[in-house]
Amino acid sequence: MSGTCLASPSIDPWLAHTVRIASITDEVEDVATYHLEFSDPESAKSYSFLPGQFNMLYLPGVGEAAISISSDPAQEGTLDHTVRIAGNVTGALARAAVGDTFGLRGPFGSSWPIEACLGGDVILVTGGIGLAPLRPAIYELLNRKSEFGTLSLLYGARHPFGLLYPSEYADWEQRGMSVNTTVDRASPAWQGNVGVVTQLLDRMPLPNPEETTVLCCGPEVMMWYTARSAIGRGIPADRIWVSLERNMNCAIGLCGHCQFGPTFVCKDGPVIRYDHVSSFLRVEGF
Ligand SMILES: Cc1cc2nc3c(=O)[nH]c(=O)nc-3n(C[C@H](O)[C@H](O)[C@H](O)COP(=O)(O)OP(=O)(O)OC[C@H]3O[C@@H](n4cnc5c(N)ncnc54)[C@H](O)[C@@H]3O)c2cc1C
């Protein structure tokens, strides 16, 4: 397993910090990024997270939802969540305005295995809103670029207007990550790739597959095909990491809502080594 598996022991996992919406960025249809500030300066000081971890966002009178952190862990004072409207909590968040406050518990869960990537090539494969939980890893890899080999992002969306954070791609490229996008359906102006994201993986040169790490986040079927393609190209299964999503309540391994085979997504995940969950990934009901 990667880095930490629980919130820092010094943090009470039941304690909801009050956060204020400092600003909102509309990303794509039904998706916005909420830039949050802690109301209590002490909470702000003590809070830190690792790439891939998530918070439980608590909207009083509505409920709680697990949402990944999408900002740069090295940027003190910034805490972003990129949220797609799915139901009650995310819908209520979409109706919130700058200045509104709500509760936040966390951070929870395991993190992307940045240290396991050291010295090798790293490929991030993702689709749609799956880029949000990977964005902190992108920042960390770029902040420490000299410690890794080549960095490649393979990113697919249904259509060109579904690609998240397009204004950042030039910066990521300039700092040393190749950004390769593809869409299922092109618009008239689209000049890039059309097709599923795994085609980008199938086509890219892989000079050192045994020392390449894949970080993958998206629909389970996409992660399954990505892993199959990566293994077919010679990348070891124990160098492939996926981020899982399951409905969860407590976020600390007590309630069992997010159980996935023998794994609790909230505390053993969400980031899990592919070979630890591969046998459950395509089983209906899991
Ligand atoms: C570790 C983790 C990280 C995550 N990160 C993110 C993230 O970064 N961004 C993000 O947008 N999401 C993220 N999610 C997903 C998010 O937690 C879910 O979408 C969550 O369910 C949203 O809560 P909600 O209250 O808005 O939706 P809910 O009200 O729980 O609805 C969820 C789904 O259930 C359906 N539903 C709701 N009520 C009913 C009903 N009465 N009958 C039938 N169907 C119903 C909805 O249509 C919807 O499809 C993450 C999940 C996990 C586990």
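Values below: every heavy atom of this structure, side chains too, minus hydrogens, waters and symmetry copies.
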Approximate separation, where rounding is to 0.5 Å, of Asp238 CG and Arg273 CZ
4.5 Å
Could you go through Val214 and Val125, starting from their C-alpha distance and side-chain angles, then the distance that decides it, and tell me whether this counts as side chain to side chain contact (heavy atoms under 4.5 Å, CB included)?
CA-CA 7 Å; Val214 172; Val125 187; 4.0 Å; yes
Donor-acceptor pair, Asp40 side chain versus Glu42 backbone, under 3.5 Å?
yes
Just wondering, do Leu163 and Tyr155 contact through their side chains at under 4.5 Å, heavy atoms?
yes
Keeping the roles fixed (side chain from Gln53, backbone from Gly109), state whether a donor-acceptor pair exists under 3.5 Å.
yes
Side-chain heavy atoms under 4.5 angstrom apart, residues restricted to Ile, Leu, Val, Met, Phe, Trp, Tyr: same cluster for Ile240 and Val196?
no
Donor-acceptor under 3.5 Å (Ser229 side chain, Tyr225 main chain):
no
I'd like to know if the side chain of Asn193 and the backbone of Thr181 have a donor-acceptor N/O pair within less than 3.5 Å.
yes
Give the minimum heavy-atom separation between Thr198 and Met222, together with the two atoms involved.
CG2-O, 4.5 Å
Arg233 atom CZ: more than 12 heavy-atom contacts under 6.0 Å
yes
Side-chain donor or acceptor of Asn55 paired with backbone N/O of Leu57 under 3.5 Å:
no
Single hit among Val197, Leu164, Leu153, Leu215 for side-chain contact (heavy atoms from CB on, under 4.5 Å) with Thr126:
Leu153
Which atom names give the shortest non-hydrogen contact between Ser23 and Val98, and what distance separates them?
CA-CG2, 3.8 Å
Does any part of the side chain of Glu220, heavy atoms only, come nearer than 4.5 Å to the side chain of Leu244, both counted from C-beta?
yes
Side chain to side chain contact (heavy atoms under 4.5 Å, CB included) for Ile21 and Leu36? Distances and angles first, verdict last.
CA-CA 5 Å; Ile21 302 177; Leu36 306 178; 4.0 Å; yes
State, with a plain yes or no, whether a side-chain heavy atom of Arg135 is found less than 4.5 Å away from one of Glu168.
yes
Which atom names give the shortest non-hydrogen contact between Val122 and Cys117, and what distance separates them?
CG2-CB, 3.7 Å
Does Phe49 reach the side chain of Ser71, with side-chain heavy atoms less than 4.5 Å apart?
yes
Give the cluster check for Leu79 versus Ile24: same hydrophobic cluster or not, with ILVMFWY residues linked at side-chain heavy-atom distances below 4.5 Å.
yes
Pairwise distance CD1(Ile138) to CZ(Arg175) - rounded to 0.5 angstrom
10.5 Å
Quick check: do Leu93 and Leu59 have side-chain heavy atoms less than 4.5 Å from each other?
yes
Give the C-alpha distance, both sets of side-chain angles, the deciding distance and a yes or no for side chain to side chain contact (heavy atoms under 4.5 Å, CB included) between Ile69 and Phe54.
CA-CA 5 Å; Ile69 305 162; Phe54 66 95; 5.6 Å; no
So, do Trp241 and Tyr274 sit near enough that their side-chain heavy atoms are less than 4.5 Å apart?
no
Above 12 or not: heavy atoms from other molecules or residues under 6.0 Å from NE2 of His159?
yes
Taking the side chain as C-beta and beyond, is there a heavy-atom pair between Trp172 and Leu151 under 4.5 Å?
no
Quick check: does any side chain N or O of Trp112 sit under 3.5 Å from a backbone N or O of Ile114, one acting as donor and the other as acceptor?
no
Should Val62 and Leu104 be counted in the same cluster of Ile, Leu, Val, Met, Phe, Trp and Tyr side chains packed under 4.5 Å apart?
yes
Using a strict 4.0 Å threshold on nitrogen-to-oxygen distance, state whether Arg158 and Glu29 make a salt bridge.
no
Are the side chain of Asn143 and the backbone of Tyr139 linked by a donor-acceptor contact shorter than 3.5 Å?
yes
Phe264 with Met56, same ILVMFWY side-chain cluster at under 4.5 Å:
no
Measure up the Tyr47 and Phe38 rings against each other and bin them: parallel (under 30°), tilted (30 to 60°), perpendicular (over 60°).
tilted
Note, Val242 side chain near Trp224 side chain (heavy atom, < 4.5 Å):
no
Arg239 side chain to Thr212 backbone, donor-acceptor under 3.5 Å:
yes
Please determine whether side chain to side chain contact (heavy atoms under 4.5 Å, CB included) holds for the pair Leu201 and Ile123, giving the CA-CA distance in whole Å, both sets of side-chain angles, and the decisive distance to 0.1 Å.
CA-CA 9 Å; Leu201 181 59; Ile123 307 174; 4.0 Å; yes
Would you give the length of the straight line joining atom CG of Asp268 to atom CD of Gln259, rounded to the nearest 0.5 angstrom?
9.5 Å
Closest contact, heavy atoms only, Pro270 versus Ser110:
N-OG, 3.6 Å
Minimum-distance pair of heavy atoms, taken over all atoms of Leu206 and Pro209
O-CD, 3.3 Å
Hey, mind stepping through Tyr165 and Thr33 against side chain to side chain donor-acceptor pair (under 3.5 Å) and telling me if it holds?
CA-CA 10 Å; Tyr165 320 127; Thr33 297; 4.5 Å; no
Using only atom types and a distance under 3.5 Å, with no angle test, would you say the side chain of Glu173 pairs donor to acceptor with the backbone of Val179?
yes
Can you tell me how far SG of Cys217 sits from CD1 of Ile129, rounded to the nearest 0.5 angstrom?
9.5 Å
Arg105 to Tyr58 six-membered ring, cation-pi geometry met (6.0 Å, 45°)
no
Out of curiosity, does Phe161 fall in the hydrophobic cluster containing Val83 (side-chain heavy atoms, cut-off under 4.5 Å, transitive links)?
no
Using only atom types and a distance under 3.5 Å, with no angle test, would you say the side chain of Asn180 pairs donor to acceptor with the backbone of Leu154?
no
For the student: nearest non-hydrogen atoms of Gly103 and Ala16, plus distance
CA-CB, 4.3 Å
What's the separation between atom CG in Leu50 and atom CD in Glu140, rounded to the nearest 0.5 Å?
7.5 Å
Using a distance-only test with no angle check, is there a side-chain donor-acceptor pair under 3.5 angstrom linking Asp80 and Ser70?
no
Taking atom CG of Leu141 and atom CZ of Arg144, what is their separation to the nearest 0.5 Å?
8.0 Å
For atom NZ of Lys145, is the number of surrounding heavy atoms from other residues, nucleotides or ligands below 6.0 Å larger than 12?
yes
Would Tyr34 and His81 count as a close aromatic pair, with their ring centres under 6.0 Å?
no
